[in-house]
Amino acid sequence: MPLHVLNHPLGAHVLTHLRDKTTKPALFRTLSYQIGLLLALEATRDLATEDKSIETPLETMTGRVLAKPLAVVPILRAGLGMLQPFHDIFPDVAVGYVGLERDHTTAVARNYYCKLPPLAGTRVVIVDPMLATGGSAAHAIKVIKEAGGTEIVFVCIVASPEGVAVVHQEHPEIAIYTGSLDRQLNDKKYILPGLGDFGDRLYGT
Ligand code: PRP
Ligand code: URA
């Protein structure tokens, strides 16, 4: 499935300030919201709609409304920084949580929490700002599939080529939406040029 890289001047502007190491957590949260909103719009561009007959103040017309429920699943904890935009533009969205944490030495993600709404017949949008080795994303997609999710997309702010390759290898049908496709991983499995540890910068840890 395709890799969609955000192509919007505001996206580029916001991403540059997110990458800047002098950006403090308060601004970092605002910027995460802004790029999350742009990505939420991109990742839902192909949502199915259906006819709905309504009365305008002047006459009857047939409009279009969303045909399927939507669920968003942030990967804890950094994914929480991308949740609010979905709430703001899709007030009825259901929210699930998958808690994953990379081991600092091995970079292998450990699953410590999972709480999901019913997923059958739902478009599921997994959000996690960083797609590095791809281990967290591939694991979260597997968890969502095991819970009954069939229509899944993955949304991140920065992706590495290595992470994209892992997700496409393990889950070839999953579309990935990203704010940027960066150059590579370093020897500690951080993305270059990247923006550092997203969770730490979001929460000041
Ligand atoms: C970060 C990030 C992803 C993961 C990506 O989370 O938010 O979940 O790393 O790395 P991967 O593609 O190599 O798996 P982290 O494990 O640092 O946890 P946090 O969100 O609690 O900070
Ligand atoms: N997790 C992050 O927060 N940043 C990276 O560069 C890689 C994993």
Side-chain angles (χ1 to χ4, degrees), residues 1 3-6 14-25 27-29 31-33 35-36 39-40 43 72-86 95-116 124-145 152-172 174-205:
M1 276 295 263
L3 172 70
H4 303 266
V5 182
L6 186 64
V14 168
L15 196 44
T16 298
H17 290 293
L18 276 172
R19 292 188 193 278
D20 185 338
K21 70 176 184 184
T22 66
T23 298
K24 297 203 166 46
L27 177 59
F28 195 88
R29 277 195 295 278
L31 296 166
S32 303
Y33 176 89
I35 198 163
L39 287 164
V72 61
V73 180
I75 300 181
L76 306 177
R77 88 198 135 138
L80 289 175
M82 300 171 71
L83 176 58
Q84 192 61 41
F86 283 86
V95 183
Y97 299 91
V98 175
L100 294 172
E101 185 176 25
R102 292 202 323 174
D103 181 281
H104 284 295
T105 317
T106 63
V108 174
R110 172 184 67 90
N111 191 339
Y112 61 87
Y113 186 73
C114 185
K115 191 88 168 177
L116 297 170
V124 185
V125 183
I126 303 174
V127 295
D128 187 341
M130 306 305 277
L131 175 59
T133 65
S136 301
H139 186 84
I141 294 165
K142 180 167 149 290
V143 166
I144 302 292
K145 285 182 176 176
I152 305 166
V153 299
F154 183 84
V155 180
C156 59
I157 294 175
V158 180
S160 73
E162 295 91 331
V164 169
V166 164
V167 171
H168 279 170
Q169 189 181 339
E170 295 192 26
H171 305 283
I174 300 294
I176 298 173
Y177 294 82
T178 186
S180 170
L181 180 62
D182 275 14
R183 193 175 72 246
Q184 65 184 96
L185 297 178
N186 70 8
D187 57 359
K188 293 197 167 76
K189 310 295 183 197
Y190 277 81
I191 301 172
L192 297 175
L195 50 74
D197 189 305
F198 197 99
D200 284 352
R201 296 195 62 196
L202 187 67
Y203 293 117
T205 47

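We number each residue from 1, following the sequence as shown. Order of appearance sets the numbers: ligands from 1, and atoms from 1 within every ligand.
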Could you pull out the N/O contacts under 3.5 angstrom between ligand 2 and the surrounding protein atoms?
{"unit_1": "ligand 2", "atom_1": "3 (O)", "unit_2": "Phe198", "atom_2": "N", "d": "2.8"}
{"unit_1": "ligand 2", "atom_1": "4 (N)", "unit_2": "Gly196", "atom_2": "O", "d": "2.8"}
{"unit_1": "ligand 2", "atom_1": "6 (O)", "unit_2": "Ile191", "atom_2": "N", "d": "2.9"}

Checklist line | Under 4.0 Å from ligand 1, counting heavy atoms only: the protein residues, by chain and number | finding: Leu76, Arg77, Ala78, Leu100, Glu101, Arg102, Asp128, Met130, Leu131, Ala132, Thr133, Gly134, Gly135, Ser136, Gly199
Note to self: With a sphere of 6.0 Å drawn around NZ of Lys145, does it hold more than 12 non-hydrogen atoms of other residues, nucleotides or ligands?
What the structure shows: yes
Check: Do any N or O atoms from the side chain of Arg201 and from the backbone of Leu195 form a donor-acceptor pair under 3.5 angstrom?
Finding: yes
Margin query: Check Asp200 with Arg77, please: is the shortest side-chain N to carboxylate O separation under 4.0 Å?
Written below: yes
Next item on the list: State whether Arg19 and Asp182 are salt-bridged, where the test is any N-O pair (Lys NZ or Arg NE/NH1/NH2 against Asp/Glu carboxylate O) under 4.0 Å.
Entry: yes
Margin query: Rounded to the nearest 0.5 Å, what separates atom CG in Leu80 from atom OG in Ser32?
Written below: 11.0 Å
Check: Checking Thr178 side chain against Leu181 main chain: does a donor-acceptor pair fall under 3.5 Å?
Finding: no
Next item on the list: Look at the rings of Tyr177 and His4 and say which category their plane angle falls in: under 30° parallel, 30 to 60° tilted, over 60° perpendicular.
Entry: parallel
Notebook entry, point to check: Regarding Arg183 and the six-membered ring of Tyr190, is the cationic atom NZ or CZ under 6.0 Å from the ring centre and inside 45° of its axis?
Noted result: no
Note to self: Please check: side-chain N/O of His17 versus main-chain N/O of Leu31, any donor-acceptor pairing under 3.5 Å?
What the structure shows: no
